[in-house]
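Reviewing the structure listed below.
Atom set for the values below is all heavy atoms of this structure, side chains included, hydrogens, waters and symmetry mates excluded.
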Amino acid sequence: RELRQAVSRLNRAPALVVTDSQAFLQVAADTPPEVKMTSFSILFARQKGDLSQFVQGAVAIDRLQPGDRVLVAEACSHHPIADDIGRVKIPRWLRQYVGGDLQFTTVQGHDFPDDLAAYQLVVHCGACMWNRREVLTRMLRCRQAGVPISNYGMTIAYTLGIFSRALEPFPDALQTYRQLQAERESRSSRSRRGP
């Protein structure tokens, strides 16, 4: 709640604001539009994984239908809290975005399913306790299975409608997103015109 006031007190605007993904909407509203903003989770996605593949995974959220299965993968084992981000908040935001119920399976640590074909999306935590090789291995397994994978922060930003803003610090990832948007709009335009 102090962000807007803190930024206004600075002699010059910060180059970047980094937030917890759960506070995205408030931080986006309180951060001046000329200041880039992202989340810790998206920074982890860039450091530990393939940001372009995560962008493609986030865009795949648009293809989810009520009843689809989503795998939520947590790298570490932790005791879930009442309003847990991976077990409560992300499922709630995805259900709201899709407009219906989805089936969620949550795995922890190294309990990653051998067969991913049953899932329409994998949503992975920031993997702060893991190294890059472990995250890239999971991403490779998803790619081989033809299952899109996103990251907590990217999923949250996408479902809340602030994806472009959250990707501004990463020009290549933002370009990938814009290209995917243009391709989708082109397909949609062709389908409206008919054969």
Side-chain angles (χ1 to χ4, degrees), residues 1-59 61-62 64 70 72-99 102 104 106 108 121-132 135 149-178 180-181:
R1 287 176 284 193
E2 297 85 9
L3 175 63
R4 188 184 300 267
Q5 186 177 14
V7 171
S8 71
R9 288 182 176 173
L10 296 173
N11 290 330
R12 65 176 200 212
L16 177 67
V17 169
V18 181
T19 181
D20 184 297
S21 301
Q22 298 174 78
F24 251 145
L25 279 182
Q26 185 65 48
V27 172
D30 290 347
T31 301
E34 64 276 6
V35 176
K36 293 179 180 175
M37 178 207 70
T38 195
S39 75
F40 292 104
S41 182
I42 294 175
L43 288 173
F44 274 123
R46 179 175 181 256
Q47 178 189 25
K48 304 216 176 196
D50 176 349
L51 203 53
S52 176
Q53 186 178 350
F54 279 136
V55 168
Q56 293 171 31
V59 171
I61 292 169
D62 285 337
L64 289 177
V70 177
V72 177
E74 300 172 341
C76 64
S77 298
H78 70 278
H79 183 70
I81 57 174
D83 206 16
D84 191 76
I85 186 169
R87 297 164 193 263
V88 178
K89 290 181 178 180
I90 288 175
R92 181 175 57 229
W93 284 318
L94 282 169
R95 287 180 179 116
Q96 289 171 346
Y97 189 88
V98 170
L102 297 164
F104 290 91
T106 303
Q108 290 183 309
L121 178 68
V122 173
V123 180
H124 208 288
C125 72
C128 60
M129 305 298 290
W130 279 14
N131 63 41
R132 180 170 166 79
V135 175
I149 181 171
S150 185
N151 150 287
Y152 276 20
M154 310 231 350
T155 299
I156 293 168
Y158 198 86
T159 59
L160 297 179
I162 58 170
F163 199 57
S164 291
R165 179 96 195 263
L167 291 181
E168 281 180 350
F170 316 105
D172 291 344
L174 185 57
Q175 180 59 35
T176 297
Y177 174 53
R178 288 180 175 153
L180 291 168
Q181 280 183 305

| message | Test side chain to side chain contact (heavy atoms under 4.5 Å, CB included) on Phe104 and Arg95; report intermediate values, then the result. | response | CA-CA 10 Å; Phe104 290 91; Arg95 287 180 179 116; 3.4 Å; yes
Just list the side-chain donor-acceptor pairs under 3.5 Å for residues 38-51, sequence neighbours left out, or say none.
{"unit_1": "Thr38", "atom_1": "OG1", "unit_2": "Ala166", "atom_2": "O", "d": "2.9"}
{"unit_1": "Ser39", "atom_1": "OG", "unit_2": "Ser21", "atom_2": "OG", "d": "3.0"}
{"unit_1": "Ser39", "atom_1": "OG", "unit_2": "Ser41", "atom_2": "N", "d": "3.4"}
{"unit_1": "Ser39", "atom_1": "OG", "unit_2": "Ile42", "atom_2": "N", "d": "3.1"}
{"unit_1": "Ser41", "atom_1": "OG", "unit_2": "Asn151", "atom_2": "OD1", "d": "2.9"}
{"unit_1": "Ser41", "atom_1": "OG", "unit_2": "Asn151", "atom_2": "ND2", "d": "3.2"}
{"unit_1": "Ser41", "atom_1": "OG", "unit_2": "Gly153", "atom_2": "N", "d": "3.0"}
{"unit_1": "Lys48", "atom_1": "NZ", "unit_2": "Ala127", "atom_2": "O", "d": "3.2"}
{"unit_1": "Lys48", "atom_1": "NZ", "unit_2": "Cys128", "atom_2": "O", "d": "3.3"}
{"unit_1": "Lys48", "atom_1": "NZ", "unit_2": "Trp130", "atom_2": "O", "d": "2.2"}
{"unit_1": "Asp50", "atom_1": "OD1", "unit_2": "Ser52", "atom_2": "N", "d": "3.0"}
{"unit_1": "Asp50", "atom_1": "OD1", "unit_2": "Gln53", "atom_2": "N", "d": "3.3"}

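- Contact annotation: the side chain of Met37 approaches that of Phe24 to within less than 4.5 Å [non-hydrogen atoms, C-beta and beyond].
- Looking at Asp62 and Tyr97, their side chains come closer than 4.5 Å, going by heavy atoms from C-beta outward.
- Closest approach of Phe163 to Ala58, counting heavy atoms only: CZ-CB, 3.6 Å.
- A side chain to side chain contact (heavy atoms under 4.5 Å, CB included) with Ser150 holds for exactly one of Val55, Thr155, Ile90; it is Thr155.
- Residue Arg92 places its CZ atom among more than 12 non-hydrogen atoms of other residues, nucleotides or ligands, all under 6.0 Å distant.
- Looking only at side-chain heavy atoms (C-beta outward), Lys36 and Phe170 stay at 4.5 Å or farther from each other.
- Atom CG in Leu10 sits 11.0 Å away from atom CD in Gln5 (nearest 0.5 Å).
- Within the 4.5 Å cutoff, the side chain of Asp30 has no heavy atoms near those of the Val7 side chain.
- The backbone N or O of Ala28 lies less than 3.5 Å from no partner atom in the side chain of Thr31, so there is not a single donor-acceptor pair.
- To the nearest 0.5 Å, atoms CZ (Arg9) and CD (Glu2) are separated by 10.0 Å.
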| query | Going through the checks in order, is the side chain to side chain contact (heavy atoms under 4.5 Å, CB included) test met by Glu74 and Thr106? | reply | CA-CA 7 Å; Glu74 300 172 341; Thr106 303; 4.0 Å; yes
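- Taking CD from Gln22 and CD1 from Ile85, the interatomic distance works out to 3.5 Å, rounded to the nearest 0.5 Å.
- Expressed to the nearest 0.5 Å, how far CZ of Arg178 lies from CD of Gln181 amounts to 8.0 Å.
- Here the side chains of Leu167 and Met154 are in contact, with some heavy-atom distance below 4.5 Å.
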